[in-house]
Structures are given as structure tokens and as C-alpha cells.
Amino acid sequence: MNHIRVRFAPSPTGNLHIGGARTALFNWLFARHNGGTFILRIDDTDFARSMEESKRGILSALRWLGLDWDEGPEVGGPHAPYAQSERLPLYEKAARELVEKGLAYPCYCTPEELAERRKQAMEEGRAPRYDGRCRHLSQQERIKLEQEGRRPALRLRIPDTGETVVHDFFRGGVAFANEVLDDFIIVKSNGIPAYNFASVVDDAEMQITHIIRAEEHLSNTPRQILVFQALEKPLPVFAHVPMILAPDRSKLSKRHGATSVEEFRDQGYLPDALINYLALLGWSPEGEEEILSLSELVRQFSLERVGKTAAIYDTKKLTWINGHYLNEIDLDRAVELAIPFLQKKGLVPEEIPEDLMVYIRKVVEVVRTRVKTLAEIADASDYFFDDDFTYEEKGVKKHFQKEGVASLLQAAGQRLAGLETFDLETTEEAYRNLSEELGVKAGDIIHPTRLALSGRTMGPGLFDIMVILGKERTLERLERAVKYIRNLQSS
RNA sequence: GGCCCGUUAGUCAAGUGGUCUAAGACACCGGCCUUUCACGCCGGUAACAGGGGUUCGAAUCCCCUACGGGUCACCA
């Protein structure tokens with residue numbers, strides 16, 4: 001096979017949602033696996049809806065995911081520019097060529113007229129297709145229409161009979177009768193090319209060999225094939241990957257909660273996890289291991305193992321994968337990623353001094369093993385940064401309202417106070433000894449202590465908490481709890 | 001509505017005519033470990049949409065029905 005060239009061509013009209021991200025990922029993996037070229041192209045011919053901000057968002061989301069492009073915006077390449085809005089002369093030339101060959105013709109119907117006819121057709125139960133009325137206009141008629149001030153759009157002449165077959169990589173041959181494909185618009189009356197045209201001109205010019213995109217484009221494909229043929233360009237391989245649906249089986253939209261890469265990032269998901277999860281949505285590895293790094297995905301990926309049924313995404317599994325990565329990545333990276341989340345909750349300042357950094361590192365180390373997202377790290381570690389926490393209500397009932405708890409905690413405090421070194425071994429030993437001497441179960445001291453130190457009934461190992469807080473703060477919190485309990489009893 | 005695609009457990013998903021009394025993962029439910037929570041480990045519940053064919057034999061091939069999705073724009 002010739003050198004493989006694939007492209008991801010988003011339109012900058014919103015942020016990158018997970019469906020788009022997966023399409024980008026499959027293209028990228030396919031290119032990387034085969035030593036091909038991955039091209040990013042911005043399909044921004046809809047000037048009314050295209051936004052510079054969306055474009056920037058999409059680029060940064062792709063970079064965040066770790067998907068780099070060989071040719072495209074900001075990196076350039078032999079087919080630059082890579083935004084359709086900057087490639088207008090190319091489409092003009094191709095359109096002129098088609099008009100000269102008699103394959104395309106001007107249509108003077110206005111959008112309003114067309115909408116009206118479409119509406120009427122629907123009401124009468126007819127297929128809402130273009131009726132071809134401008135197909136055979138004479139030169140005189142055209143001139144007359146233009147003198148009325150009408151600006152023509154350009155339509156492609158579609159054969160009335162026969163069929164156009166899409167050879168889809170996953171589905172095999174899919175035939176469309178030409179008669180259901182009306183003469184569609186390739187250049188709008190404002191001179192801007194329509195998607196089905198611009199995209200084909202670019203795919204041909206950029207020598208794209210495989211078009212891997214979402215299934216929603218399958219019914220557009222015969223039209224594009226007709227354009228390729230009119231232009232006398234070779235057809236690429238088409239591979240329409242199944243859609244990703246929202247949990248209610250409908251198409252993804254804002255009302256489904258987090259659907260964009262950006263949102264997942266802000267909720268504390270790691271790029272590695274999102275990538276891994278997305279790869280599993282529609283593609284499956286040959287072996288049984290499902291935790292796969294980007295480089296492992298590159299090694300294993302093949303189009304052959306992509307399925308053809310739409311998938312509903314399930315954040316539970318994503319979250320599970322995320323929890324896995326949160327524990328596997330380097331501690332320093334976890335710390336770096338967690339800090340913005342701690343800052344967002346006001347737990348640490350913008351500028352972090354070195355000693356605080358060391359402290360954060362210890363906190364993240366013990367907290368990350370029991371949570372699944374970066375946001376949860378922040379939620380689960382507030383008491384390490386804030387002395388002014390409250391005690392969990394059900395914990396108070398369970399551990400602070402027991403007979404003799406106050407003196408137990410007091411005794412524990414005294415024991416710890418006498419420690420010369422305050423580490424995991426010495427603190428635990430102190431507690432074990434104390435419980436034995438007093439004839440109580442270790443848990444009877446440990447549980448109230450946890451509540452005293454963290455305000456919670458669950459969390460990292462108790463002695464980890466103690467050591468991280470340090471002797472002084474541990475003793476202070478113990479005292480605070482003793483006072484709290486005594487107060488509780490006297491009221 | 002026309003056209004197109006699809007349908008294996010709650011979700012992802014393996015399976016390409018016999019090895020399927022249908023894998024694995026998440027979730028869920030038990031148990032072990034344990035100072036809690038989580039991790040980890042062990043075990044469990046749960047699926048071939050329905051109906052007709054073809055075949056010695058069908059989750060796998062064909063047809064019909066149902067359901068789901070996509071698309072029918074001077075959006076991409």
C-alpha cells in the first residue's frame with residue numbers, strides 16, 4: 001500500500017466532544033500504527049458558526065490527549081494552509097472545472113423558495129428533493145435571473161438512474177440509488193463551497209488515502225463519491241466508525257452532562273484514561289488486557305478490530321480506568337496534575353513554596369490510592385490543609401458518643417506526646433501498646449482518633465495521617481476532639 | 001415519511017457454520033485481606049431482539065417483523 005495519509009477534520013463550532021475525540025484517536029492510531037501521516041484540517045466553511053475560540057479549544061484538547069498532528073494548523077505542511085477558509089481559490093478552480101465540463105450548473109432558487117417547496121413536499125408526503133428546475137436553463141434565462149439580482153448557487157448534476165456504491169471498510173458495499181440523491185449544492189450563492197464539495201476537493205488535494213469518520217457521514221458518502229468522480233480523482237478508502245450515543249441512546253448533546261474532552265479534564269480525568277476508555281469504545285484488543293497505554297494502543301490498533309455497532313458511553317468504566325491510572329502514574333506527575341484542583345478549592349495558594357510542595361506530595365501519595373479522579377483527591381484531602389474542619393455527624397454518633405472516649409483520646413495524646421521520633425512505626429507501636437494496656441481493641445482508639453484528626457470515618461491509614469500532620473498538629477487535633485466530646489456530654 | 005446502517009448480559013465487548021452447556025472488562029452481589037475507605041484476591045447473578053428458512057449442525061448465512069440509530073440544509 002502507498003503511504004497512508006489520514007485526516008481529522010473538525011468544524012470549529014463547539015468544543016471537542018468525545019465522539020470527535022474518538023474519531024481523531026482512531027485516525028491517529030491508524031496513522032501511527034502504519035507509519036502514516038496524520039493531518040489536522042479545520043473545516044470552517046460555515047463562517048456564521050465558526051469560532052476562533054472553538055478552534056483553539058479543539059487544538060488544545062487534542063494536545064492534552066497527546067494526539068499530535070504531522071500536518072495542520074500551527075505546524076504547517078506541504079499542503080498548507082490547513083483551514084478551509086484559507087483555501088477558497090482551490091474550490092473556485094475545481095468548481096469552474098466542473099461547470100466547464102457541464103457537470104455542475106448554476107441554480108437561482110433562493111433558500112427561502114427551496115425551504116417553501118421542501119415544506120410543501122413534506123406535507124404532501126413526497127420526498128423533499130430538489131426538483132431540478134434550474135438544470136436546463138438557457139443562457140438567456142440565466143441572464144434574466146441574474147438581472148433580477150439573483151446570485152446563483154452551484155449544483156452538481158447527478159445521474160437520474162443507476163446507483164452509487166460506497167465500499168465501506170466495515171460494512172462492505174452499500175448501494176444508494178442515484179435517483180434519491182438530488183442535485184446538491186456544491187458552492188453556496190455567497191461563493192463559499194459546501195461541505196460535500198470542499199471536503200472532497202481537500203481530501204483529493206491532500207492525497208488522503210483513508211477517510212475514517214463517524215457513521216453519520218455514511219449517507220453523505222455517495223454524494224462525495226460523485227464529486228470525486230466528477231473531479232476525476234481516485235477514491236480513498238471509506239471507513240465509517242459507529243457512533244457514540246448518550247446513555248439514553250440518543251445523539252450526544254449538552255443535556256447529557258459531560259460530553260466534551262474539556263469537561264472530563266475539568267472533572268479530574270487523566271488524558272491517559274480518557275484515551276484508553278475511548279479506544280475501547282468501538283475497538284477491542286486481541287488479548288484480555290484492557291489497560292493500554294497510548295504506545296501500546298499504537299502497537300495493537302487495527303481497523304479490522306473495530307466493530308460496527310453504536311456504543312453508549314459509560315462513565316463508570318471510565319472512572320474505574322481513571323482510578324487505575326491515577327495510581328500508576330509517577331507520583332510527581334500526579335501531584336502536578338492534582339495541584340490545580342487543590343487550588344480551585346482554595347486549599348493551597350497559587351504560589352507554592354517548596355516545603356508545602358513536599359507536604360502536598362505526601363498527601364497525594366496516601367490519598368490517591370482510594371479515589372478515582374483528581375477532583376476527588378481535592379475533596380478527600382481538605383483536612384490536611386484546613387485545621388478548621390467539622391466532624392462527620394454519623395462518625396460522632398458512632399465514635400464520639402461512646403463511654404470514656406474522651407479520656408481514651410487524652411491518654412493517646414499523652415502517649416504520642418512522649419514519643420521522641422514520630423513515624424509510622426513509633427506511632428503505631430504506641431497505639432498498640434496503649435490498647436493492650438487498657439484492655440481495649442485497637443479499633444476502639446483508632447476510629448475515634450481518625451475522626452479527631454480528619455473529621456471523617458474513612459480515609460488513608462491512620463498512622464499515615466498522623467505522620468503527615470506531624471506531632472504538633474496531631475496533638476492539637478486530639479485536644480480539640482477531647483474538648484468537643486466533653487462539651488457534647490455536658491450539654 | 002423515503003433512503004441507509006445496526007441489534008450478544010445494565011454498559012463496553014469477544015465470537016467470521018461445529019471447540020459456545022457463549023470469553024473478558026465495568027457495574028452489581030457475596031467472601032477473603034484489613035484500623036476505616038479504597039486497592040488487591042477469590043466467587044456469584046446476568047446476554048445471542050422475535051419469527052421463518054438454508055444446513056447433519058447457526059450467535060455466526062438468507063428473508064420478514066420489531067426496535068434503535070443515522071441521513072434527507074446555500075450545517076459540517
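Protein chains get the first letters and strands the later ones, always in sequence-line order, with residue 1 at the start of each. Reckoned from all heavy atoms, side chains included, excluding hydrogens, waters and symmetry mates.
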**OP:** Under 4.0 Å between any heavy atoms, over every strand shown, what does R450(A) touch: base, sugar-phosphate, or nothing? Just pick one.
**Re:** base
Subject >> For C48(B), the Watson-Crick or wobble partner whose two distances fall under 3.5 Å >> reply: none
Subject >> Separation of the C1' atoms in C32(B) and A14(B), to the nearest angstrom >> reply: 30 Å
**OP:** Pick base, sugar-phosphate or nothing for L462(A), based on heavy-atom distances below 4.0 Å to the nucleic acid.
**Re:** base
**OP:** Measure from the side chain of T309(A), starting at C-beta and using heavy atoms only, and say which of G24(B), U7(B), A76(B) lies closest.
**Re:** U7(B)
Subject >> Nearest-angstrom distance, C1' atom, U54(B) to G43(B) >> reply: 42 Å
**OP:** When you get a sec, tell me which of A76(B), U11(B), C37(B) is the closest nucleotide to the side chain of R49(A)?
**Re:** A76(B)
Original post:
Between F400(A) and Y391(A), is a ring pair (Phe, Tyr, Trp, His ring centres under 6.0 Å) present by the stated rule, with each step listed?
Top reply: CA-CA 10 Å; F400(A) 277 3; Y391(A) 302 114; 5.2 Å; yes
Original post:
Are any non-hydrogen side-chain atoms of P152(A) and Y105(A) less than 4.5 angstrom apart?
Top reply: no
Original post:
So H447(A) and H399(A), would you call those rings parallel, tilted or perpendicular, with 30° and 60° as cut-offs?
Top reply: parallel
Subject >> Under-3.5 Å donor-acceptor pair between E216(A) side chain and G69(B) base >> reply: no
Subject >> Shortest side-chain distance from K308(A), nucleotide among U36(B), C5(B), G6(B) >> reply: G6(B)
Original post:
What is the distance, rounded to the nearest whole Å, between atom CD of E112(A) and atom C1' of A73(B)?
Top reply: 13 Å
Subject >> Pair assignment for G1(B), Watson-Crick or G-U wobble, requiring both distances under 3.5 Å >> reply: C72(B)
Original post:
What interatomic distance, in whole Å, is found between P of U60(B) and the corresponding atom of U21(B)?
Top reply: 14 Å
Original post:
Can you list the steps and then say if Y383(A) with L469(A) is a side-chain contact (heavy atoms from CB on, under 4.5 Å)?
Top reply: CA-CA 10 Å; Y383(A) 58 85; L469(A) 286 173; 5.6 Å; no
**OP:** Check every strand shown and say whether F463(A) touches a base, only sugar-phosphate, or nothing at a heavy-atom separation below 4.0 Å.
**Re:** base
Subject >> Side-chain N or O of T457(A) closer than 4.0 Å to phosphate OP1/OP2 of C37(B) >> reply: no
Original post:
Considering only side-chain heavy atoms of D314(A), which listed nucleotide, A76(B), U35(B), U11(B), is closest?
Top reply: U11(B)
Subject >> R305(A) vs G15(B): side-chain N/O to OP1/OP2 distance below 4.0 Å >> reply: yes
Subject >> Donor-acceptor contact present, side-chain R129(A) to main-chain E179(A), <3.5 Å >> reply: yes
Original post:
Using atom C1' of each nucleotide, how far apart are C41(B) and C5(B) to the nearest Å?
Top reply: 43 Å
**OP:** Using whole Å, report how far CD1 of I192(A) lies from C1' of C75(B).
**Re:** 14 Å
Original post:
Taking the C1' atom of each, how far is C67(B) from A49(B), in whole Å?
Top reply: 8 Å
Original post:
Say you pick atom P in C63(B) and the same atom in G10(B); how far apart are they, in whole Å?
Top reply: 28 Å
Original post:
Rounded to the nearest Å, what distance is computed from the CZ atom of residue F238(A) to the C1' atom of nucleotide G70(B)?
Top reply: 17 Å
Subject >> Closest nucleotide among A25(B), G70(B), A76(B) to the M243(A) side chain >> reply: G70(B)
**OP:** State whether F26(A) and R22(A) meet the cation-pi test: NZ (Lys) or CZ (Arg) under 6.0 Å from the six-membered ring centroid, and within 45° of the perpendicular axis.
**Re:** yes
**OP:** Please state how far atom CD in E116(A) lies from atom P in C74(B), giving the value in whole angstrom units.
**Re:** 14 Å
Subject >> Short side-chain N/O contact from K188(A) to OP1 or OP2 of A73(B), under 4.0 Å >> reply: no
**OP:** On RNA chain B, check which nucleotide each of V187(A) and G459(A) is closest to and give me the residue with the more 5' one.
**Re:** G459(A)
**OP:** Indicate, yes or no, whether a donor-acceptor pair under 3.5 Å links the base of A76(B) to the side chain of N220(A).
**Re:** yes
Original post:
If you look at every strand shown and take non-hydrogen atoms under 4.0 Å, does A175(A) touch a base, only sugar-phosphate, or nothing?
Top reply: sugar-phosphate
Original post:
NE2 of H217(A) versus C1' of C72(B): gap in Å, rounded?
Top reply: 15 Å
Subject >> Candidates G6(B), A27(B), A14(B) - which lies nearest the side chain of S284(A) >> reply: A14(B)
Original post:
How would you label the contact of L114(A) with the nucleic acid (heavy atoms, under 4.0 Å): base, sugar-phosphate, or nothing?
Top reply: base
**OP:** Check whether any side-chain heavy atom of N15(A) sits under 4.5 Å from a side-chain heavy atom of V261(A), and report yes or no.
**Re:** no
**OP:** Round to the nearest Å and state the distance from R223(A) atom CZ to C4(B) atom P.
**Re:** 13 Å
Subject >> Nearest-nucleotide pick for K372(A), side chain only, options being U35(B), C39(B), G24(B) >> reply: C39(B)
**OP:** Rounded to whole angstrom, note down the C1' distance from A22(B) over to A46(B).
**Re:** 13 Å
Original post:
Which one is paired to C41(B), where only Watson-Crick or G-U wobble pairs with both distances under 3.5 angstrom count?
Top reply: G31(B)
Original post:
What interatomic distance, in whole Å, is found between P of G24(B) and the corresponding atom of C42(B)?
Top reply: 12 Å
Original post:
So what's C67(B) paired with, Watson-Crick or G-U wobble, going by both distances under 3.5 Å?
Top reply: G6(B)
Original post:
Could a donor-acceptor pair under 3.5 angstrom be found where the side chain of S219(A) meets the base of C3(B)?
Top reply: no
Subject >> U71(B) phosphate, OP1 or OP2, under 4.0 Å from K251(A) side-chain N/O >> reply: yes
**OP:** Indicate, with a heavy-atom threshold strictly under 4.0 Å, whether C107(A) touches base, sugar-phosphate, or nothing.
**Re:** nothing
Original post:
Counting just side-chain N and O atoms, does K119(A) come under 4.0 Å of either OP1 or OP2 of C72(B)?
Top reply: no
Original post:
What nucleotide among C26(B), G68(B), C4(B) has an atom nearest to a side-chain atom of K317(A)?
Top reply: C26(B)
**OP:** Using distance alone, with no hydrogens and no angle criterion, decide if Y82(A) and D202(A) have a side-chain donor and acceptor under 3.5 Å apart.
**Re:** no
Original post:
Reckon T13(A) touches a base, only the sugar-phosphate, or nothing at all at heavy-atom distances under 4.0 Å?
Top reply: nothing
Subject >> Interatomic distance where CG belongs to L281(A) and P belongs to G24(B) [whole Å] >> reply: 21 Å
**OP:** Return the nearest nucleotide to the side chain of E290(A); candidates are G24(B), G70(B), C4(B).
**Re:** G24(B)
Original post:
Does a side-chain N or O from R118(A) land closer than 4.0 Å to OP1 or OP2 of A73(B), or not?
Top reply: yes
**OP:** Look through every strand shown and name the nucleotide pairing with G24(B) as Watson-Crick or G-U wobble, where both distances are under 3.5 Å.
**Re:** C12(B)
Subject >> Donor + acceptor pair across side chains of D43(A), Y195(A) (<3.5 Å) >> reply: no
**OP:** Determine the contact category for G461(A): base if any of its heavy atoms lies under 4.0 Å from a base atom, sugar-phosphate if only primed atoms, P, OP1 or OP2 are that close, otherwise nothing.
**Re:** base
Subject >> Nearest-nucleotide comparison on RNA chain B, the residue closer to the 5′ end among D46(A) and R432(A) >> reply: R432(A)
Original post:
How long is the line joining CD1 of I185(A) and C1' of A76(B), in whole Å?
Top reply: 15 Å
**OP:** Among the candidates G69(B), C74(B), C26(B), find the nucleotide nearest to the side-chain atoms of L245(A).
**Re:** G69(B)
Original post:
Base, sugar-phosphate, or nothing for P10(A), non-hydrogen atoms under 4.0 angstrom?
Top reply: nothing
**OP:** Indicate yes or no: at least one non-hydrogen side-chain atom of R155(A) is less than 4.5 angstrom from one of I186(A).
**Re:** no
